[in-house]
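Proteins get letters first, then strands, A, B, ... in listed order; numbering begins at 1 in each. Quick caveat: nothing in here was measured; it's all calculated off a predicted structure.
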Number of protein chains: 2
Amino acid sequence: MTAAEHGPRERMVFSAAQLIRRDGVAATGMREVAAHAGAPRGSLQHYFPGGKEQLVNEALGWAGRYAGNRVARFLAALPEPTPAGLFAEMVRQWTDEYETTGYAGGCPVAAATVDCAESTVSTREAASAAFAAWTGPVAHALADMGVPRERATPLATLMISSLEGAILIARAERNTRALTTVSRELGPLLDAAAVNPICCSRIGEKKTHSIHKANDKN
Amino acid sequence: MTAAEHGPRERMVFSAAQLIRRDGVAATGMREVAAHAGAPRGSLQHYFPGGKEQLVNEALGWAGRYAGNRVARFLAALPEPTPAGLFAEMVRQWTDEYETTGYAGGCPVAAATVDCAESTVSTREAASAAFAAWTGPVAHALADMGVPRERATPLATLMISSLEGAILIARAERNTRALTTVSRELGPLLDAAAVNPICCSRIGEKKTHSIHKANDKN
DNA sequence: GCGGGAGTATGACAGCGGTCATAGTAGCCA
DNA sequence: TGGCTACTATGACCGCTGTCATACTCCCGC
């Protein structure tokens, strides 16, 4: 989706992320990636001399950046930024997809972690970096909403952990129940951590745009 | 571990779960499973005429039962059963493994979901059943501890979601930080949901043993 | 002894995987 | 025109996969 004209290289990275999301790393073939991207097979070794490992790692980098950038956009879409509201938006991205497009895809970072954590060092590191690129903006946003600094990162980790697990369960059940559940159950806890929930809408709005350059067109 | 003498068939199912846990479904070969189980290759088609699909599905069934049975054992190990204490034990199983044995393995159900949710219907259903076999006892235990029935299952889902996600992050980072974080952050929320936390130790202790037959030697 | 079934042992097959090698095309610069 | 670089195009290789076919070894019931 939205993969119009970005040069064959970017398209292949994007396609790799898409296919990994759906079938996992091991079941995703290089030829398949090229075909999905509408790119010539010969370009694979040209753009990715490091082979599949490099392609997968770049796909994870893209996914991490994408998830991180989404945070700012979620905040911008909220009338009053609150921790629970942010989490609800993060969850809603998945429930929307599952209800409209189906349960074909999960999180590519989760897929890579499951498939490569033990076998491929660089891919595990790329997955770790992707989680960091996602957790960072979330923690930053929480802090902007009045969550004490020392709790911002732990709560961001909790949010992402719950979301990742709920994605797994939702795909297995082909049902968004788990996703809506974690959103509903975790919301109050998140909001309770914001010491000054009244002013957070202003603070959040001001500093939101500094979270990321955000000139990408995610 | 603990896989002494259970007949070749059970050993192969057990080994399949172990290998899937480590490398994912697609990267785990049938020959590898047989070798890991110390079972003859020829037994594969004899015990699992349904092929790899059947073997994987049985491994998921085993994993779900195993996780479900662990709940009762965790409760029995707690001096005073509380929701937070149960969750801490569930998490501790993983931190212990990671700190002593290393980060080689994740959750086999998560691995199967990631690899097969879209490609293999029966395996997706087996994963769903495994999650159910795990969530059920947890929800039951929560109810026994005084959590209102209508919140028991949602909270169980939240616990398992957070745990699954934290396992992913922990493996990617090779660090138990995410696991200890979700345990610490979620604990108060869980205990707050128990309406009568004083008496739950007794109730929990009494009804704990009815959660599962528990005569398996997990 | 002896069928006969449970379980074991190999070998072959067809398919697909990632990767390498090699050759080709296009376009820019001098 | 010549040469250089960026990119594309194929074909081949080897290894591995799941699966099937076939033949073998036990051991139990009769």
Legend entry - Nearest-neighbour nucleotide for the B:Lys52 side chain, D:dG18, D:dC7, C:dG7 considered: D:dG18
Inset, instruction - Go through the side-chain N and O atoms of B:Thr157 and B:Thr135 and say whether any donor and acceptor fall under 3.5 Å apart. - result: no
Inset, instruction - Take the angle between the ring planes of A:Phe131 and A:Trp134 and call it parallel below 30°, perpendicular above 60°, tilted in between. - result: parallel
Inset, instruction - Check the distance between C:dG17's P and A:Glu53's CD and give it to me in whole angstrom. - result: 19 Å
Inset, instruction - Considering just the side-chain nitrogens and oxygens of B:Ser43, establish if one lies under 4.0 Å of OP1 or OP2 belonging to C:dT8. - result: yes
Legend entry - Parallel, tilted or perpendicular: ring planes of B:Tyr66 versus B:Trp62, cut at 30 and 60 degrees: parallel
Inset, instruction - Whole angstrom is fine here: how far is it from NE2 in A:His46 over to C1' in C:dT19? - result: 16 Å
Inset, instruction - Take the protein atom CZ of A:Arg11 and the nucleotide atom C1' of D:dC7, then report the distance between them rounded to whole Å. - result: 13 Å
Legend entry - Note: A:Glu125-B:Arg174 ion pair, threshold 4.0 Å (strictly below): no
Inset, instruction - Let me know the distance between CD of A:Gln54 and P of C:dG18, rounded to the nearest Å. - result: 15 Å
Legend entry - Salt bridge B:Arg151-A:Glu185, side-chain N to carboxylate O under 4.0 Å: yes
Inset, instruction - Using a 4.0 Å cut-off on protein heavy atoms (strictly under), produce a 5'-to-3' string for nucleotides 20-25 of chain D with B for base contact, S for backbone-only sugar-phosphate contact, and - for none. - result: BB----
Inset, instruction - Check each residue of residues 23-34 of chain B for a non-hydrogen atom within less than 4.0 Å of any atom in DNA chain D, then write out the ones that pass by number, or none. - result: B:Thr28, B:Gly29, B:Met30, B:Arg31
Inset, instruction - Inspect the contact between A:Glu58 and A:Arg9 and indicate whether a charged nitrogen and a carboxylate oxygen are less than 4.0 angstrom apart. - result: yes
Inset, instruction - Using atom CG of B:Leu55 as one end and atom P of D:dG18 as the other, report the distance to the nearest whole Å. - result: 10 Å
Legend entry - Length of the OH-C1' vector between B:Tyr47 and C:dA6, whole Å: 8 Å
Inset, instruction - Find the distance A:Met12:CE to C:dG18:P and express it as a whole number of Å. - result: 14 Å
Inset, instruction - May I ask you to check whether B:Ser122 and B:Glu53 show a side-chain donor-acceptor distance below 3.5 Å? - result: yes
Legend entry - Lys/Arg-Asp/Glu bridge criterion (N-O < 4.0 Å) met for B:Arg22, B:Glu32: yes
Inset, instruction - Rounded to the nearest 0.5 Å, what's the gap from CG on B:Asp115 to CG on A:Asp23? Could you check? - result: 8.5 Å
